[in-house]
Amino acid sequence: KNYLVDLIWYISFLFIVFDSVKSKSKYFILLSIGIMSELLQLFFPILGTFDCVDLSIYFMITIVAYFYEKIK
């Protein structure tokens, strides 16, 4: 439920991080913030609903971005 919102949030965050961070640590930053946001939802339900599908979406987007940048 509401996966499109999470997808749009994470992709827009990806563009912000890619524009401001030029080192390889940008992938670590992306995954860390995504995982942290989901874990906060697990401990504080008022922030949203924890969902493993969101975590897998974050991993997939990061992997696709990594390979896209590697090929480019």
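Computed over heavy atoms, backbone and side chain alike; hydrogens, waters and symmetry mates excluded.
Distance check: Y27 OH to S32 OG gives 14.5 Å after rounding to the nearest 0.5 Å. Summarising the geometry, atom NZ belonging to K26 is positioned 10.0 Å from atom CG belonging to D19; distances are rounded to the nearest 0.5 Å. The distance from the CE atom of M60 to the OH atom of Y10 is 11.0 Å, given to the nearest 0.5 Å. Here the OG atom belonging to S37 is positioned 9.5 Å from the CG atom belonging to L47, to the nearest 0.5 angstrom. In this structure, L30 CG and I11 CD1 are separated by 11.0 Å, a value rounded to the nearest 0.5 Å. Note that OG1 of T62 is 11.5 Å distant from CD1 of I29, once rounded to the nearest 0.5 Å.
When hydrophobic clusters are built by joining Ile, Leu, Val, Met, Phe, Trp and Tyr residues whose side-chain heavy atoms come closer than 4.5 Å, directly or via intermediates, V64 is not grouped with F67. When hydrophobic clusters are built by joining Ile, Leu, Val, Met, Phe, Trp and Tyr residues whose side-chain heavy atoms come closer than 4.5 Å, directly or via intermediates, I35 is not grouped with F28. Using a 4.5 Å cut-off between side-chain heavy atoms of Ile, Leu, Val, Met, Phe, Trp and Tyr, with links allowed through other members, I16 and I8 fall into different hydrophobic clusters. One hydrophobic cluster, built from ILVMFWY side chains closer than 4.5 Å, holds both F43 and I46. Each of I63 and Y68 belongs to its own hydrophobic cluster when Ile, Leu, Val, Met, Phe, Trp and Tyr are linked at side-chain heavy-atom distances under 4.5 angstrom.
Shown here is F18, whose CZ atom has more than 12 heavy atoms of other residues, nucleotides or ligands within 6.0 Å. No more than 12 heavy atoms of other residues, nucleotides or ligands shown are found within 6.0 angstrom of NZ on K70.
A donor-acceptor pair under 3.5 Å links the side-chain atoms of E38 to the main chain of D51, judged by distance alone.
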(Q) Evaluate T49 against D54 for side-chain contact (heavy atoms from CB on, under 4.5 Å), listing each step before the verdict. (A) CA-CA 10 Å; T49 306; D54 292 341; over 6 Å; no
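Across all non-hydrogen atoms, the minimal contact from L14 to A65 is CD1-CB, 3.7 Å. Residues C52 and F50 approach most closely at SG-CE2, 3.9 Å, considering heavy atoms.
Aromatic pair Y58/F13: centroids not less than 6.0 angstrom apart.
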